[in-house]
A.B. asks: 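Below you will find the structure I want to go over with you.
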Number of protein chains: 2
Amino acid sequence: MHGDLLLRKKAAVTGKSGLLEDMVLNERAQLVLNSIIENYIQSSEPIGSRTLSKSLGVQLSPATIRNIMSDLAEMGFLIQTHTSAGRVPTDKAYRFYVNSLSTPSSVPEQIKQKITLVSTEQGMQVEGILAEAVHLLADLTKFACVVSTPKASVSRLQRIELIKISEDRILVILVTKAGVVRDKIIFVTDSHTQDFLNSVASFLNDKFKNHSMQEIREKNGLAYSVYSYHDLLAQAVRLGKKAFELNNPGEMLIDGQMNLLLDPHFDEKSSLRSLIDAFNQKSEIMKILDDSMREKGVHIFIGIENDFEQLHGCSLIMTSYRNNQNVLGSIGVVGPTSMDYKKIISVVEYTAKILSETITERSYD
Amino acid sequence: MHGDLLLRKKAAVTGKSGLLEDMVLNERAQLVLNSIIENYIQSSEPIGSRTLSKSLGVQLSPATIRNIMSDLAEMGFLIQTHTSAGRVPTDKAYRFYVNSLSTPSSVPEQIKQKITLVSTEQGMQVEGILAEAVHLLADLTKFACVVSTPKASVSRLQRIELIKISEDRILVILVTKAGVVRDKIIFVTDSHTQDFLNSVASFLNDKFKNHSMQEIREKNGLAYSVYSYHDLLAQAVRLGKKAFELNNPGEMLIDGQMNLLLDPHFDEKSSLRSLIDAFNQKSEIMKILDDSMREKGVHIFIGIENDFEQLHGCSLIMTSYRNNQNVLGSIGVVGPTSMDYKKIISVVEYTAKILSETITERSYD
DNA sequence: TTTAGCACTCATTAGATGGTAGTGCTAATA
DNA sequence: TATTAGCACTACCATCTAATGAGTGCTAAA
């Protein structure tokens with residue numbers, strides 16, 4: 001052992017949380033670790049003591065660095081692929097690194113322009129904007145990117161329209177404040193005139209405009225009992241109920257999956273298979289996106305930190321986007337654990353910001 | 001040379017079309033060629049004379065087969081990767097093989113069930129059905145699959161609806177006979193009341209129901225001149241014009257791209273890059289899909305037969321789908337030239353058939 | 001016309017080898 | 001006491017070699 005590489009090793013060892021451990025490295029060890037990580041992010045190759053000695057700002061001999069590295073390895077920040085290889089950061093190291101990133105780095109002007117350029121395209125619907133955003137993000141990061149479409153439940157109603165399509169089918173159009181248009185067909189047993197549908201729609205509009213779908217679904221049950229004595233109204237409410245229920249479960253758009261396959265980190269066939277499966281099984285990724293909506297800020301899942309086993313070899317950078325009323329959905333990147341966190345985090349953040357602004361402009365408030 | 005391997009070589013050589021050449025192989029040469037192709041489709045490895053001698057039904061010594069192979073190679077049906085390797089079929093060979101497939105092979109019951117199962121899901125919109133179809137096809141074939149959404153121009157109008165969203169924005173909803181709902185926002189300079197919009201919509205509905213968008217756009221110009229003396233009506237028609245113009249250029253859904261990357265035929269990094277680019281550049285694939293709509297039946301592009309250079313290493317199997325009124329779009333598979341044509345063709349054909357039936361059911365006629 | 005036999009080609013594989021990038025340990029040094 | 005130089009050691013890697021084997025083309029015999 002080489003002295004107090006750990007400033008508060010005792011505290012760290014006796015403490016229960018992993019967070020405490022993040023604090024225990026002394027300054028020089030931190031420097032070495034960060035440098036290893038940044039070098040590795042660049043080169044994707046194990047970093048040796050000699051290499052590091054040169055690239056490091058401070059004057060330290062390879063031998064000294066070896067000592068530090070040895071300790072870092074013992075603490076689980078570094079591993080060796082084999083005895084005579086350099087060191088590679090572990091998930092734990094990346095977590096430490098990311099935690100230590102204090103000031104979010106600024107996005108290069110060139111990238112800013114690219115993002116803004118896309119956002120100013122005219123005449124796009126919300127879904128189109130999302131598709132553009134996720135495509136752009138994939139292009140900028142060269143990883144796979146995902147975005148969830150605005151959640152129906154949080155959307156506020158701008159307008160509902162009922163259109164008679166045939167004797168037993170009615171087309172329901174829901175326009176939300178966020179500018180999303182959803183349509184679906186409902187089947188009815190009794191035939192209604194378009195006039196009747198118009199008055200039902202008008203009734204529903206008066207009653208529910210600006211309410212969230214969530215609220216509407218709850219209140220609607222109430223309304224049902226209140227008006228049930230009146231036959232026509234009862235029918236109207238029954239229709240309304242049908243119109244608002246079981247909106248599509250929320251979708252997600254993926255882009256740039258194929259980028260991952262070019263990445264040197266995923267070239268083993270086994271990890272490839274599992275990645276493909278992961279993206280086919282959208283529901284699991286959807287869960288992660290949903291979770292990232294709950295709290296503000298950028299969410300970072302490194303390696304096994306996400307709950308989806310097939311993505312344990314990846315890191316995910318997720319953040320939410322919103323209009324001026326609500327958080328609508330989230331957008332993010334799926335890449336190798338050795339991604340350039342500084343860059344990716346800031347690009348995701350900036351993209352989400354511009355996306356939010358663009359969507360807010362299109363919102364009806 | 002070993003005699004008349006070519007039945008009508010003279011005719012073939014003097015003839016101009018490639019089609020004639022397809023007819024010139026004698027029976028035994030055909031047998032050998034087909035067997036090589038089928039073996040290669042299975043194994044993806046060069047086929048040697050010994051192997052073939054065993055797997056071939058007829059009794060022929062390796063030496064004899066070598067002679068035949070040598071001739072086939074000279075005619076451009078086979079190539080060798082190197083001197084001491086077995087033979088591999090060329091694009092020309094696949095073309096010959098596909099042309100000789102007379103009776104479409106039947107789809108296995110198990111696959112039929114899978115396809116039917118998906119098609120019976122309730123309450124889906126057209127886009128959802130297409131997404132399911134292309135996903136299923138990717139799953140069944142293990143290649144990349146594409147489908148184009150129904151062309152706006154051929155769709156017939158079922159209903160148009162104009163909804164006032166704000167002072168300067170109107171939401172246009174177009175419902176087509178095929179059951180596709182399209183929405184878009186148009187910007188106007190003068191504010192209109194919803195009542196006015198309703199009467200405009202009603203006017204447009206009366207006038208244009210059952211007409212194709214194509215027709216409407218053409219006729220609308222006429223209408224404009226007829227009614228221009230009347231101020232309100234002029235406004236109405238102007239609105240209608242805006243509503244029908246520049247519908248989205250038609251989109252396409254892709255699924256299973258990643259399947260291609262597992263395929264042993266695309267494991268060189270160079271061909272991979274070009275494939276990724278190809279799928280990013282949707283417009284080119286869209287062209288091929290569009291072309292496949294024009295004529296009935298399954299369209300097969302082998303290797304360089306398609307006009308998109310980056311897909312020259314692939315074969316494409318495309319066919320159209322329709323409702324009972326119109327051809328709506330097309331669906332197909334992109335895979336390696338050495339795909340199992342028999343199987344893929346029949347699966348694509350069957351899927352398109354079921355897709356057509358499903359969409360016809362959802363149509364408003 | 002078909003086939004057996006043989007010489008030849010060339011990719012692939014397995015071993016052997018030297019070089020290299022890295023480590024850990026120890027003893028000398030500041 | 002912390003740092004560093006030196007050295008033995010390890011394991012990967014590229015290169016070379018030889019052996020293997022699948023395949024061909026050609027020729028002569030059946």
Side-chain angles (χ1 to χ4, degrees), chain A residues 1-7 9 25-29 31-33 35-36 39-40 42-75 77-90 264 267-268, chain B residues 1-7 25-29 31-33 35-36 39-40 43-75 77-90 264 267-268:
Chain A
M1 269 293 137
H2 307 83
D4 60 347
L5 180 119
L6 310 184
L7 283 183
K9 179 144 190 174
L25 293 181
N26 72 26
E27 210 173 309
R28 211 179 50 181
L31 187 71
V32 169
L33 183 53
S35 186
I36 290 175
N39 270 292
Y40 185 69
Q42 285 301 318
S43 68
S44 292
E45 265 162 33
I47 309 299
S49 56
R50 253 179 77 80
T51 325
L52 200 60
S53 163
K54 284 179 218 154
S55 86
L56 208 57
V58 191
Q59 261 303 39
L60 281 178
S61 80
T64 311
I65 291 175
R66 278 207 287 282
N67 289 332
I68 301 170
M69 280 171 129
S70 170
D71 290 354
L72 286 170
E74 202 183 327
M75 295 168 68
F77 288 109
L78 300 174
I79 46 163
Q80 285 177 279
T81 56
H82 58 266
T83 332
S84 74
R87 301 303 215 290
V88 170
T90 61
D267 55 4
E268 300 134 40
Chain B
M1 267 295 138
H2 305 84
D4 61 348
L5 181 117
L6 310 184
L7 282 183
L25 292 181
N26 72 26
E27 211 173 309
R28 213 178 49 180
L31 188 70
V32 168
L33 184 53
S35 186
I36 289 175
N39 270 291
Y40 184 69
S43 69
S44 292
E45 264 160 34
I47 310 300
S49 55
R50 252 181 77 81
T51 324
L52 200 60
S53 163
K54 282 180 219 153
S55 87
L56 209 57
V58 191
Q59 260 306 37
L60 281 178
S61 80
T64 311
I65 291 176
R66 277 206 288 281
N67 289 331
I68 301 170
M69 280 171 129
S70 170
D71 290 353
L72 286 170
E74 205 184 325
M75 296 168 66
F77 288 110
L78 300 174
I79 47 165
Q80 284 177 279
T81 56
H82 59 267
T83 332
S84 74
R87 302 303 214 290
V88 170
T90 61
D267 53 4
E268 299 136 40

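Letters A, B, ... mirror the listed sequences (proteins, then strands); counts begin at 1.
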A.B. asks: With sequence neighbours left out, write down each residue that passes side chain to side chain contact (heavy atoms under 4.5 Å, CB included) with R28(B), or none if nothing qualifies.
C.D. replies: N26(B), L60(B), T64(B), I68(B)
A.B. asks: Calculate, to the nearest 0.5 Å, the distance between atoms CG and CG belonging to L33(B) and L31(B) respectively.
C.D. replies: 9.5 Å
A.B. asks: Can you tell me how far OG1 of T90(B) sits from CG of L72(B), rounded to the nearest 0.5 angstrom?
C.D. replies: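 Answer rounded to 0.5 Å: 9.5 Å.
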A.B. asks: Just the rounded figure in Å: distance from C1' of dT24(D) to CE of M69(B).
C.D. replies: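 Going from M69(B) (CE) to dT24(D) (C1'), I get 10 Å.
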A.B. asks: Rounded to whole angstrom units, what separation is found between the CD1 atom of I68(A) and the P atom of dA2(D)?
C.D. replies: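 So the two atoms are 12 Å apart, to the nearest Å.
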A.B. asks: Roughly how far apart are I65(A) CD1 and R50(A) CZ, rounded to 0.5 Å?
C.D. replies: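 These two atoms lie 11.0 Å from each other.
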A.B. asks: Would you say a side-chain N or O of T64(B) is under 4.0 Å from OP1 or OP2 of dT1(C)?
C.D. replies: no
A.B. asks: Any chance you could measure S70(B), atom OG, to Q80(B), atom CD, to the nearest 0.5 Å?
C.D. replies: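 Between S70(B) OG and Q80(B) CD, I get 8.5 Å after rounding to 0.5 Å.
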A.B. asks: If I take atom CG from residue N67(B) and atom OG from residue S61(B), how far apart are they, to the nearest 0.5 angstrom?
C.D. replies: 8.0 Å
A.B. asks: Taking it one step at a time, do R87(B) and L52(B) satisfy side-chain contact (heavy atoms from CB on, under 4.5 Å)?
C.D. replies: CA-CA 11 Å; R87(B) 302 303 214 290; L52(B) 200 60; over 6 Å; no
A.B. asks: Would you please confirm or rule out a distance under 4.0 Å between OP1 or OP2 of dT1(C) and any side-chain N or O of R28(B)?
C.D. replies: no
A.B. asks: Could you tell me whether the phosphate oxygens of dT23(C), OP1 or OP2, come under 4.0 Å of any side-chain nitrogen or oxygen in S49(A)?
C.D. replies: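 Indeed, a polar side-chain atom of S49(A) lies that close.
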A.B. asks: Please write out the pairs of protein N or O atoms and N or O atoms of nucleotides 8-12 of chain D separated by less than 3.5 Å, giving the distance to one decimal.
C.D. replies:
| from | atom 1 | to | atom 2 | distance (Å) |
| --- | --- | --- | --- | --- |
| dT10(D) | O2 | S84(A) | OG | 3.3 |
| dA11(D) | OP1 | T83(A) | OG1 | 3.3 |
| dA11(D) | O4' | S84(A) | OG | 3.3 |
| dA11(D) | N3 | S84(A) | OG | 3.4 |

A.B. asks: In whole Å, what is the span from the CG atom of L60(B) to the P atom of dT2(C)?
C.D. replies: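 The answer, rounded to whole Å, is 8 Å.
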A.B. asks: Just the rounded figure in Å: distance from P of dT24(D) to CG of L72(B).
C.D. replies: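 Going from L72(B) (CG) to dT24(D) (P), I get 12 Å.
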A.B. asks: Give each protein N/O atom lying under 3.5 Å from an N/O atom of nucleotides 25-27 of chain D, with the pair distance.
C.D. replies:
| from | atom 1 | to | atom 2 | distance (Å) |
| --- | --- | --- | --- | --- |
| dG25(D) | OP1 | R87(B) | NH2 | 2.9 |
| dG25(D) | N7 | R66(B) | NE | 3.2 |
| dG25(D) | O6 | R66(B) | NH2 | 3.1 |

A.B. asks: Residues two or more places apart in sequence or in another chain: which of them pass side chain to side chain contact (heavy atoms under 4.5 Å, CB included) with T51(B)?
C.D. replies: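 Checked T51(B) against side chain to side chain contact (heavy atoms under 4.5 Å, CB included); zero matches.
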A.B. asks: Within this structure, what is the CD1-CG distance for the pair I36(A) and L78(A), rounded to the nearest 0.5 Å?
C.D. replies: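 These two atoms lie 4.5 Å from each other.
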A.B. asks: Give the rounded distance in Å between these two atoms: CD1 of I65(A) and P of dA21(C).
C.D. replies: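 My rounded result for the distance is 17 Å.
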A.B. asks: What residues form a side chain to side chain contact (heavy atoms under 4.5 Å, CB included) with S43(B), not counting sequence neighbours?
C.D. replies: E45(B), I47(B)
A.B. asks: Side chain of S61(B) only, heavy atoms from C-beta on: which candidate in dG22(C), dT3(C), dT24(D) is closest?
C.D. replies: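 Output: dT3(C).
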A.B. asks: Name the pairs: protein N/O against N/O of nucleotides 15-18 of chain D, kept only if under 3.5 Å.
C.D. replies:
none

A.B. asks: Nearest-Å distance, CZ (R50(A)) to C1' (dG6(D))?
C.D. replies: 14 Å
A.B. asks: Can you name the closest pair of heavy atoms from M69(A) and G48(A) and give their distance?
C.D. replies: CE-C, 4.1 Å
A.B. asks: Nearest-Å distance, CG (D71(A)) to P (dT3(D))?
C.D. replies: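 Going from CG in D71(A) over to P in dT3(D) covers 12 Å.
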A.B. asks: Can you tell me the distance, in whole Å, between the OH atom of Y40(A) and the P atom of dG22(C)?
C.D. replies: 14 Å
A.B. asks: Can you name the nearest heavy-atom pair linking P46(B) to Y40(B), along with the distance?
C.D. replies: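 Distance-wise, the nearest heavy atoms are N-CE1, 4.0 Å.
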